[in-house]
Amino acid sequence: MSPALLLAVPVLGAFVLPSLHRASPFASRVAGPLILVVQVALVAALWQQAVVHGPLVIELGGLPAPMGIAWQADQLGLLWCGALALLALVLWPREGHDPNRAATLTLLLVGAGSGLALSADLFNLFVLYELTALASFGLVVSQGTGAQAAATLRFLLLGATGSALALLGIALIYAATGTLNLAQLAQVTPGAMSDPLVLTAFALLLAGLGVKAELFPLNTWVPEVYGAASPRVAGLLAGAVSKLALLVVLRLLTTIFADTGAAMVLLGVAAVTVLAGELAAYRAQDLRRMLAYSSIGQLGLMALAFSVSNPTGIAAGLALGLHHLLVKPALFVMIADWPRRRPQTRGLAAGAPWSAAAFVLLALSLVGVPPLPGFWAKLVLLQALLGTGGGPYAAAAALVLVITVVEAGYLIPLARQLYSGEPAVRVRARIGRGVPLILALLLAVVLIGPVAQRLDQVASSVPGPATALPRLSASEPGQP
Amino acid sequence: MIWLLGLSLVVMLAAAFAVLLLRDLLAAIAAASVVSLALSVLFVILRAPDVALAEAAVGTGLSGVLLAYTVHRLGAAGRYDP
Amino acid sequence: MRGRDLAALLFLAGLGALLASVMAELGFGNPPLRAGGPILEQSPSQVGAANIVTSVVLAYRGMDTLVELTILFTAATAAGMVLGQGTRAGRSQSPAGFILSTAADALFPFLLVLGAYIILHGHLTPGGGFQGGTILAVAFFLPLLAQPNAGIDERITTWVEGSAGAAFLLIALAGLAGDGFMAPFPGGELGELLSAGSLPVLYLALGLKVGAELAGLMGRLLTEDEA
Amino acid sequence: MTSHSDLLGIMFYGAAVALLLIGLYTMLTRRHLIRVLLGLTLVEAGVNLALVAAGFRPEAAAPILGPGAAPAMVDPVPQALILTAIVIGVGILAFALSLVVRIHRTYGSVDLQVIGERLASDPDGTGSEIRRRAP
C-alpha cells in the first residue's frame, strides 16, 4: 500500500466535494470526516509496516530515485500525518460561513501536510509547502471579513517572498549537485558544495521555511493572522501546520546539512525567536495575540530542540510539538467566547467554571508544572541541550529556564485573575471542541512512561546523514 | 545571437527599473509585461522553449490582464502611487 | 531617500554581494546532470515522449504536477471564498466598445484552436497542459470583457474543474496497479500523435482543468461588484 | 572557450540577481499593494531565470527529440521545475488580487501601512459588513 495514498485520497476528496455538494449537501457534509477517518486508518496501517520493516522508501511511478521523486514513510513522518489528520477531525468546520469550501480546504491541508511529512525530494517539498501555505490562506479567510483578507495578504506577501528565496536556495543546490533527492544530496553535498555556498543555501531555505515555522524575523504575520482568523482555524494552523515546516527543516538538517554549521544557525535563530515571542506574549493585552506570541515561543523551543540533531534532540522536539498540538488548539477554541481584552476576564470563573478550570490546567502545562506533560517535554529539552556539550547549547538551556519564568509571569496572574472578584458581565463559555484535546492531555499524564519510550524509539529511527534513505545503489526496488 | 541576448537583457533590466519608478500603475504593469516578454526571449536563448511559451502565455498574458483589471476595479485610488 | 529606503538599499547591497560571491563559484555551462543525464538517456524507452520536458513534468516528476494542479484548485476555491460575498447582480457595466466586441468575437475561434493544439501536442512539441490551458482561459475571458454582464456560468467551470481533476488523479491512481503511483503507461511509437501512452490524456485533463480554473477565477474577479 | 561560457554565466546569473534585488527593493520600500505584487513577480522572475540558467549547456540543443540521432541536450529537469514555479506564481497572484479587491472594499485603501495600522487597532475588522458568526 503506497504512502502516496496519504496525499491522493484527501486531494481526490477535495476535487469531488464541490460537485458532490451541488448534488446532495448532506453527502458532502458526511464525506469530509469520513475521508479523514480513512486517512487515519491508512496512517495506522503504514505505521505498523514502518515499525516492523523500518522506513518504507518508494520511488513514485516506479522510476528510480535520482530521476524520479522518492518518498520515505518513516515513523517520524507518519506520526505527524496521523496527528494532523486527527487534529483536523477534531477541528472539522461543521458550521460557519461557507462550510463546504472550508471542508475542501481542510482536506487539501491534510493531504499537503501528509506529503510534507513524507516526501524525500527537495523540490517536491517546496511544491507541497506552497500548497500547504495556500490552503491555510484559504482557511484564514473562511469567514470573508475584511480583517481576515488584510491579515492574509500581509501573510501571503511574506510567505511568497520567503518561498521565492527558498527556490533560489534550491537553485544553488541544484546548480552545484545536479540532483534533488535528499539521500543522494546527503552523499554528494560535502564534496560538491563549499562551506559558504552550503550556508547561503541553508539560510535561503530557512528564509522560506521560517515564515511558516514562525521563526524570527519572519513571524510578524502571526499575531495578525491568529487574531483575525476564526479560533478553530488558528488552532489548526498553530497546532499542526507550523510544525510541519519545522519538520522539513529537520529533514534538511539530518540529510543535506548534516555536519555543517547549519545547526548553529538554527540554534541562533531559534533562541531569538523564543525570546522575542515570549516577551511579546508577556506584554500582550489581547488574549488571542497573547496565545499567538506564545505559539511563537513554543515553536522556537521546538526549533531549539531540532538544532540538537541527535536522537535525544529529535525526541525533545517531538515531545514539545505534540504537547503544544494538544494545548494550543484547546486554548484557542476555548477563549473564543471569552471577552477579548485581558483586563475584562476578571472573575470569569463565576460564569464559566469549567472553561476557567480548563484554562488553568492548560496554562500550568504550558509553563511546565510537574505531573503535567509540559514539564516532561521541557525536561527532555533540557536533557538534550545539556547532553551535547559546548557553550551555545548551555546558554540555550539557560534561556529555556529564563523564558519558563517569563511564561509563568503572564499565564499564572491571568489564571489567578479568573477567580478573583466579580465579573463585569457574566459570560457563558463552554469548552466545546477542546474536550477531546484536554482528555488526550490527561491521558498523557497517566501514560507518560510508554509515551516517552515510544517517542525515543521514533526519534532513533530517523535516518542520519550516513543512513539517510538506503544508499541509492542498494535501495530496494520501489514497491507499488 | 549575442546581440539578441544583450538587447533582451538591457530591455529586461530597464523595464524592471520602470516597474519600480513609474508613478502610473497601469504603465508599471505594462513594464512588468515587458520584463516577462524579455524573459521569455532569454528562455528561448537558454534552449528552454516550453518555459518560454509558459512565461509568455502566463507572465505577459494572464498576469498582465489580471493586474490591469484589478487596477481598473480599484478606481482612481488604485491608479496613482504617491 | 527616506531612512527606510536607505536601510533596504544597504540590506539588498549586502545580499547582492553575498549572492554574487557565492554564484561566482558555481560553474556555468557544465551542469552535473546527476538527475538530468539518466533522464535524457532513458526517457525515450521508459516514457516514450518526444518532448523530454513533458516526460519529466508528467512521469518522472509527476507528483509535482499533481500538487501543482491542486495549488491552482486551492487558489480558485480560496478566491471564491473571499469574493463569494458580493451579490451576483453585477452593476450594469456598459458593454465594451465596438472594436473590443468584434475583436473578441473574431479571436475566439482562433484562440480555441491554438489552445487545443498546444495541449494535444504537448508530448511532441514545446507546450502542454499549462500553456494551452492558459490560452483556453483567455479565449473564454475575452467575450467576457466585451459583455461584462454575461458572466461565466459557475456550474460549468466547477463541473469541468472537478471532473478533469478527478480524471487526472484516477489515471495517477491507476498507476498503482502498474509500477506505482503516477506510473506512466507505455503506448504508441515515439514521435507519432498517439504516442507516449497516458501522457497526452494526462495533459488533456490538465489543460481542461487549468483552463476552467483560470477562466472561473477571472470571471469571478470580473463580475464581483462593489457590494 | 571557457571564457565565453563564463561571460554568458555572468550575464545570466547577474541578470537573475539584478531582477531579484530590484523586486525585493520594490517590495520593501513601496506601499501600494499592486506595486508590491509587481515586485513579487520580479523576484519570482529572477529566481526562475537563475534556475533555468543552472541547467544550460553551450552548444547543446533543446530537450526535444527530433527524427535523427539525439544531439547533446540541455538539462530538462530545471525546465520542468520552472514550469511548475511559474504556474504557482500566477495562482498566488490571482488569489492575492482577489484579496486586494476585498481589502479595498472594506478599508477603502490600498496602502500596506494604513491597512497594517487599521488591523492592529481593531483585530476583529469591525469595519467589515459581515457580522462574525459563531466560529
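Residue numbers start from 1 in every chain, and the chains themselves are labelled A, B, ... in the order their sequence lines are given, proteins ahead of strands.
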Please state whether the side chain, the backbone, both or neither of [X] comes within less than 4.5 Å of a heavy atom of chain D.
{"X": "A/L131", "result": "neither"}
{"X": "A/L134", "result": "side chain"}
{"X": "A/V233", "result": "neither"}
{"X": "A/L168", "result": "both"}

Heavy-atom pair count under 4.5 Å with chain A, highest-scoring of [options]:
{"options": "D/G91, D/G46, D/A16, D/P78", "result": "D/P78"}
{"options": "D/L20, D/L40, D/L33", "result": "D/L40"}
{"options": "D/L37, D/I88, D/V43", "result": "D/I88"}

Could you report the tightest heavy-atom contact between [X] and [Y], atom names first, then the distance?
{"X": "D/E44", "Y": "A/A164", "value": "CG-CB, 4.4 Å"}
{"X": "D/L119", "Y": "A/R154", "value": "CD2-CD, 4.2 Å"}
{"X": "A/A150", "Y": "D/Y107", "value": "CB-CE1, 3.9 Å"}
{"X": "A/L156", "Y": "D/A96", "value": "CD2-CB, 3.8 Å"}
{"X": "A/A149", "Y": "D/R102", "value": "CB-CG, 3.8 Å"}

Measure the [atom1]-[atom2] distance between [X] and [Y] for me, rounded to the nearest 0.5 Å.
{"X": "A/Q148", "Y": "D/I103", "atom1": "CD", "atom2": "CD1", "answer": "11.5 Å"}
{"X": "D/L51", "Y": "A/F123", "atom1": "CG", "atom2": "CZ", "answer": "7.5 Å"}
{"X": "D/I92", "Y": "A/E130", "atom1": "CD1", "atom2": "CD", "answer": "4.5 Å"}

Review point. Quick one: does D/D75's side chain get under 4.5 Å of A/Y174's, heavy atoms only?
Key: yes

Practice item. Determine whether A/V127 and D/L81 make a side-chain contact, defined as any pair of heavy atoms from C-beta on separated by less than 4.5 Å. Key: no

Review point. Contact part of D/Y13 toward chain A, heavy-atom cut-off under 4.5 Å: side chain, backbone, both or neither?
Key: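 For D/Y13, side-chain heavy atoms alone lie under 4.5 Å from chain A.
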
